[in-house]
Number of protein chains: 2
Amino acid sequence: MNIGGKAATLADVAALAGVSQQTVSRVVNNQGPVAARTRVRVMEAVGQLNYVPNRLAQGLARQRSQSIGFATNDISLHAPSQLTSAIEGAARSAGLSLIVSIVPGYGLGNVTQAVRALKERQVDGVLINASLSSADAEEVARRFSDVPCVFMDVPPGAAVNAALLDQYHGAVLAARHLVELGHTRIACIHAPEGAVAEHSRMQGWQDVLREHGLVLVAQEEGDWSPASGYRAAVALLASGLSFTGLLVGNDQMAVGVLRALWERGLNVPGDISVIGYDDTAESALLIPPLTTVRQDFPVLGRRAFGHLGALLDDHDPQTTTLTRPELVVRASTAPPRSGEHVRLQEALQLLQRHVREGPGHPPLAQQERPGER
Amino acid sequence: MNIGGKAATLADVAALAGVSQQTVSRVVNNQGPVAARTRVRVMEAVGQLNYVPNRLAQGLARQRSQSIGFATNDISLHAPSQLTSAIEGAARSAGLSLIVSIVPGYGLGNVTQAVRALKERQVDGVLINASLSSADAEEVARRFSDVPCVFMDVPPGAAVNAALLDQYHGAVLAARHLVELGHTRIACIHAPEGAVAEHSRMQGWQDVLREHGLVLVAQEEGDWSPASGYRAAVALLASGLSFTGLLVGNDQMAVGVLRALWERGLNVPGDISVIGYDDTAESALLIPPLTTVRQDFPVLGRRAFGHLGALLDDHDPQTTTLTRPELVVRASTAPPRSGEHVRLQEALQLLQRHVREGPGHPPLAQQERPGER
DNA sequence: TTGTTAAGCGCAAGAGTGATT
DNA sequence: TAATCACTCTTGCGCTTAACA
């Protein structure tokens with residue numbers, strides 16, 4: 001177990017096994033011919049000393065660190081955490097380690113700093129999940145031309161290697177869904193301007209509306225968080241502008257939106273249809289279940305890692321892969337109705353519930369006191 | 001910009017500046033006396049070659065990699081992602097890199113494997129956020145005695161360095177809250193048995209109930225996910241056992257629980273009070289706002305990192321720090337009431353809403369067609 | 001076929017060398 | 001003469017990769 005003392009090195013193993021360092025190296029790395037008997041002797045020594053190769057030294061000598069870097073926005077948000085999970089999995093099963101470097105805020109400078117930190121560690125490649133304009137992304141790729149970079153949050157047109165979600169397409173799906181339901185007065189809650197993904201989404205929303213001779217009747221900005229979604233929805237309602245459809249930049253903000261609408265007695269989808277983006281684990285279980293655009297982060301993560309792998313193996317694709325999201329229709333969207341309609345429906349629902357809760361189907365709270373029935 | 005070619009080394013800088021390698025080293029690391037003029041010349045060369053120190057080589061020479069490892073459960077879950085964010089932040093501002101290694105599943109073997117991968121990279125210390133029994137944690141600490149380990153998900157009694165959340169205390173707060181509201185029939189939805197944190201919580205819940213002469217009337221197991229919370233709640237309801245209070249292992253499962261109850265027309269907190277655990281960003285905005293136990297992950301992350309730092313600086317505390325969660329009372333809990341009471345209340349709310357929606361305060365859906373008014 | 005010797009990856013730390021006060 | 005100061009030389013961290021016996 002080698003308690004306390006320094007870790008065993010190749011030389012230690014060699015000494016114990018009575019062979020040279022390089023023989024041990026061959027055995028450990030399984031390359032080069034080694035006599036079966038020698039191999040056994042070496043393996044025994046390895047086990048005895050609990051030898052663990054020093055990847056730092058290995059990296060220095062091999063000029064390959066067997067690690068990749070992941071520069072990402074705040075990992076406590078939904079998308080980055082899902083991505084990190086997927087990427088770490090892919091990297092681990094390829095024998096690579098993942099070094100995470102969080103990019104604090106937007107902009108070229110922040111990204112450069114994060115990638116530089118990774119480059120110092122001699123990562124073999126970098127995955128960058130931070131919003132960057134085409135020009136900025138190309139600048140980053142230029143500055144770090146000696147380490148393969150795959151971008152994950154840049155415009156599809158950027159001349160860099162990229163593994164992206166087709167945000168534009170997803171937005172089109174969402175907007176089209178509302179339009180096809182018959183909504184004509186549609187508002188949106190989008191993410192911060194700096195976010196490239198968000199730009200594509202706005203574009204998609206607006207293009208669809210324009211196609212149908214419509215425009216966004218109102219818009220508010222959030223910061224991806226549920227609380228910001230709540231605030232934005234409140235602001236939208238306070239503006240006095242009327243709308244029956246609401247496009248929301250992500251599902252977390254939609255949680256806040258649903259709450260704001262509920263608080264004001266507005267029915268979803270009766271009064272207002274709400275559609276989110278992401279399809280988080282919660283989305284199907286919200287009240288009402290959220291119609292949204294599903295992004296498959298595990299697939300994206302594996303695809304991005306694969307892209308990087310191809311770069312490392314010297315194919316130089318310089319391409320962009322787009323992963324298409326899909327629409328998931330649930331109960332938070334429906335054709336628009338008049339206010340009268342809505343209250344009628346509410347009254348009906350109420351009646352229904354009262355009927356259902358009658359003798360035939362007593363609620364739990366009653367069972368607790370059988371004597372009272 | 002050094003396009004294409006190999007990265008510049010200390011020697012390259014030294015050659016360009018016309019000094020020795022070691023002088024450059026001194027300048028870069030800001031230690032040892034260097035003439036002002038020489039320093040300037042060196043800095044210029046550094047800038048010109050875009051020199052970035054090689055941390056691998058540095059680590060080899062210094063016997064310190066300036067990186068720490070984080071072995072954690074699936075990072076796509078709430079707690080691990082929040083923790084990762086906090087720890088990365090603390091590490092970055094201390095000039096250390098974070099290497100993440102995900103522990104696939106529970107058990108000593110998985111953790112050992114993950115930590116071994118980190119040790120290979122010569123991390124200066126390891127933070128371990130994976131469930132481990134006292135014995136297993138001690139075994140891990142023994143196996144990796146040459147690298148400081150701080151555990152984050154072990155029983156408080158374990159003889160290892162640990163930075164923990166006081167899960168027991170949090171559970172006590174939750175259970176006590178329900179009991180003090182007057183609930184006597186309480187059920188729970190807990191996390192997988194393997195989870196150490198969960199054991200403490202169950203203990204806390206049960207101890208409080210026992211104190212008051214009560215027992216859990218029913219229990220179901222979930223896997224932290226909203227969907228599992230939904231399933232567990234459905235199973236609980238189907239069991240026919242009656243209860244008015246429901247303790248849930250985390251807020252994500254509580255989302256599914258709220259949905260299941262809503263679907264069946266059960267009022268929260270009227271029919272059933274629900275209390276979660278974590279206080280996620282969504283919790284305050286659920287319908288109804290969730291009463292829960294707040295865990296401060298950023299504080300825990302910083303504290304764990306601080307603990308590791310102390311270990312690295314050779315103080316050997318061998319202690320456990322407990323971070324206390326706090327109760328956040330919102331609208332999902334209330335004193336238990338009879339079924340009659342509940343429906344009366346619902347009717348009142350309905351009336352209230354109709355009054356509110358009258359001429360003085362028209363809902364948005366109406367404003368959209370002013371002609372109709 | 002097995003094995004060994006030697007050089008070097010990029011850097012840091014200690015001993016050593018001339019200068020300047 | 002002695003004491004700095006500014007810098008250089010040398011060695012080695014643990015490993016790999018030729019070239020060689």
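Only this structure's heavy atoms are used, side chains among them; waters, hydrogens and symmetry mates stay out. Chain identifiers are assigned alphabetically (A, B, ...) following the order of the sequence lines, protein sequences preceding nucleic acid strands; residue numbering begins at 1 within each chain. Quick caveat: nothing in here was measured; it's all calculated off a predicted structure.
- When atom types are taken as modelled, the side chain of A:N29 and the backbone of A:S25 share a donor-acceptor pair closer than 3.5 angstrom.
- With 3.5 Å as the limit, one finds a donor-acceptor pair spanning the side chains of B:S20 and B:T23.
- Within the 4.5 Å cutoff, no side-chain heavy atoms of B:H78 are placed close to those of B:W224.
- For the residue pair B:T323 / B:D296, no side-chain donor-acceptor distance below 3.5 Å is found, with atom types taken as modelled.
- Listed nucleotides D:dC15, D:dT16, C:dC11 differ in distance to A:N29; the shortest reach to its side chain belongs to D:dT16.
- Atom CD of B:E88 sits about 9.0 Å away from atom OG of B:S93, to the nearest 0.5 Å.
- For A:Q22 against D:dT16, a side-chain N or O and a base N or O form a donor-acceptor pair under 3.5 Å.
- One interatomic measurement links the two molecules: CD of A:Q21 to C1' of D:dT16, which rounds to 10 Å at whole-angstrom precision.
- Between A:R121 and A:S67, the side chains place no donor N or O within less than 3.5 Å of an acceptor N or O (distance only, hydrogens not considered).
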Requested in this report: Going 5' to 3' through nucleotides 16-21 of chain C, assign each nucleotide B (protein heavy atom under 4.0 Å from a base atom), S (under 4.0 Å only from sugar-phosphate atoms) or - (no protein heavy atom that close).
Outcome: ------
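- What separates CG of A:L60 from C1' of C:dA7 is a distance of 14 Å, to the nearest Å.
- A:T9 comes within contact range of the sugar-phosphate backbone alone, with a heavy-atom separation under 4.0 Å but no base atom that close.
- Each end of the helix from C:dT2-D:dA21 to C:dT21-D:dA2 yields a helix axis from five base pairs, and these two axes differ in direction by 40° (to the nearest 10 degrees).
- In this structure, a donor-acceptor pair under 3.5 Å is absent between the side chains of A:S65 and A:R55.
- Out of C:dC11, D:dG14, D:dT17, the shortest distance to the side chain of B:Y51 is found at C:dC11.
- Under the 3.5 Å distance criterion, the side-chain polar atoms of B:N73 are left unmatched by any main-chain donor or acceptor of B:A130.
- Note on A:E120: nothing from the nucleic acid sits closer than 4.0 angstrom, heavy atoms only.
- Distance, A:L10 CG to D:dT17 C1': 13 Å, rounded to whole Å.
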